[in-house]
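What's counted below: heavy atoms across the whole structure, side chains too, no hydrogens, waters or symmetry copies.
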Amino acid sequence: CLIVGATCMLAACGDEGTREVKSLKEQVQRAYGAKEFAKALGLAQKGLTLSVKTSGAKAPDTLYFAQAISEANLYMRNARGAILALRQELDLRAAAGQAEQKLVQRRMVLIRLAEEAGDKTTAIDQAVKLAKATEMAPGKDPQPVYLSLFSFVKHYAPRLSGISQWHQYQ
């Protein structure tokens, strides 16, 4: 009877955590809609912590909050925060098994930000990951891993996952 009671309490806690994660997602979406990006950032950080605790680092909700943190920092023009958040987001997505080809566009955003902020270590690390993902090798045509802002916006921004309005970051 004691074991059954403990199991029921754990299940109730899990349900409560799941409800809170769902509520936090809705609050993040409302904050974005109201262009309250600092509020969205705080909610997304809380949601990420809770989602990792209740569902694990590979859960879709966890990845949602990780991206929301990146986006909030980008919208607030917080380059340092965006670099850290994008690194975390990409690490979580890779650990969750997302194909590296799906991460290429996000890596390009991170490389550009890191280059412009003078964070050579991050830029190089991400460029190497990008090079491996696109199977760059001696004898193959080189692929760009960093583009000027004009080229970047013109060619890639419309297709970026999670970034539908790149011009709003400028």
Side-chain angles (χ1 to χ4, degrees), residues 20-53 55 57-96 98-134 143-170:
E20 190 171 350
V21 165
K22 182 178 179 182
S23 173
L24 284 167
K25 282 179 72 171
E26 292 169 357
Q27 291 176 60
V28 167
Q29 291 168 356
R30 282 194 298 274
Y32 272 109
K35 298 186 187 299
E36 296 173 339
F37 303 117
K39 180 178 179 180
L41 176 60
L43 292 166
Q45 289 169 331
K46 182 177 177 182
L48 178 65
T49 301
L50 182 61
S51 184
V52 168
K53 182 179 175 185
S55 303
K58 298 178 181 181
D61 287 335
T62 300
L63 302 178
Y64 169 85
F65 288 118
Q67 182 170 337
I69 292 168
S70 298
E71 296 297 322
N73 279 291
L74 287 167
Y75 274 109
M76 293 186 314
R77 298 184 180 130
N78 177 358
R80 180 63 44 207
I83 289 169
L84 295 172
L86 281 162
R87 283 175 47 194
Q88 178 183 34
E89 176 190 341
L90 287 164
D91 288 347
L92 286 169
R93 290 185 180 286
Q98 289 191 359
E100 190 63 31
Q101 291 296 334
K102 293 183 91 175
L103 305 178
V104 167
Q105 299 300 333
R106 299 295 281 174
R107 283 203 198 283
M108 290 183 72
V109 171
L110 178 52
I111 291 167
R112 185 182 72 81
L113 286 171
E115 280 283 323
E116 291 176 0
D119 184 347
K120 302 275 186 213
T121 303
T122 296
I124 291 168
D125 176 57
Q126 296 302 314
V128 168
K129 288 178 181 180
L130 182 59
K132 288 178 180 178
T134 57
Q143 301 293 316
V145 294
Y146 177 79
L147 300 173
S148 68
L149 180 59
F150 176 76
S151 296
F152 179 84
V153 171
K154 180 179 174 189
H155 296 291
Y156 293 103
R159 296 183 290 244
L160 285 178
S161 171
I163 303 178
S164 59
Q165 301 290 326
W166 178 258
H167 66 278
Q168 292 180 7
Y169 297 138
Q170 304 309 315

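Considering only heavy atoms from C-beta on, L113 comes within 4.5 Å of L74 through its side chain. In this structure the side chain of D119 reaches within 4.5 angstrom of the side chain of R80, judged on heavy atoms. Between L84 and R87 there is a side-chain heavy-atom pair separated by less than 4.5 Å. No side-chain heavy atom of L50 sits under 4.5 Å from any side-chain heavy atom of K46. By the 4.5 Å heavy-atom criterion applied to side chains, R112 and M108 are not counted as neighbours. Residues L48 and L92 have side chains in contact (heavy-atom distance under 4.5 Å, counting atoms from C-beta outward). Using a 4.5 Å heavy-atom cutoff, the side chains of F65 and V21 are in contact.
For the side-chain contact (heavy atoms from CB on, under 4.5 Å) test, residues two or more places apart in sequence or in another chain that qualify with D125 are K129. Residues satisfying the ring pair (Phe, Tyr, Trp, His ring centres under 6.0 Å) test with Y32, not counting sequence neighbours, are F37. Not a single side chain to side chain donor-acceptor pair (under 3.5 Å) links E20 to another residue, sequence neighbours left out. Under the side-chain contact (heavy atoms from CB on, under 4.5 Å) criterion, Q98 pairs with L63, R93, L103, sequence neighbours left out. With sequence neighbours excluded, the residues satisfying side chain to side chain donor-acceptor pair (under 3.5 Å) with S23 are Q27. Not counting sequence neighbours, K22 has no partner by the salt bridge (Lys or Arg N to Asp or Glu O under 4.0 Å) test.
Judged by distance alone, with hydrogens and angles left aside, the side-chain atoms of T62 form no donor-acceptor pair with the main-chain N or O of A57 at under 3.5 Å.
Considering CG of L86 and CD of Q67, their distance stands at 9.0 Å, rounded to 0.5 Å. Expressed to the nearest 0.5 Å, how far CD of Q126 lies from CD of E115 amounts to 12.0 Å. Atom CD of residue E89 and atom CZ of residue R107 lie 10.0 Å apart, to the nearest 0.5 angstrom.
The number of heavy-atom neighbours closer than 6.0 Å to NZ of K25, taken from other residues, nucleotides and ligands shown, is above 12.
Shortest non-hydrogen contact noted between K58 and A95 is CE-O, 3.0 Å. Closest of all the heavy-atom pairs between I83 and A117 is CD1-CB, 3.8 Å. Contact between N73 and A85 at its shortest, heavy atoms only, is ND2-CB, 4.0 Å. Here the closest non-hydrogen pair linking L43 and A31 is CD1-CB, 4.4 Å. For the pair I111 and A123, the tightest heavy-atom approach, listed with the atom from each and the gap, is CG1-O, 4.0 Å.
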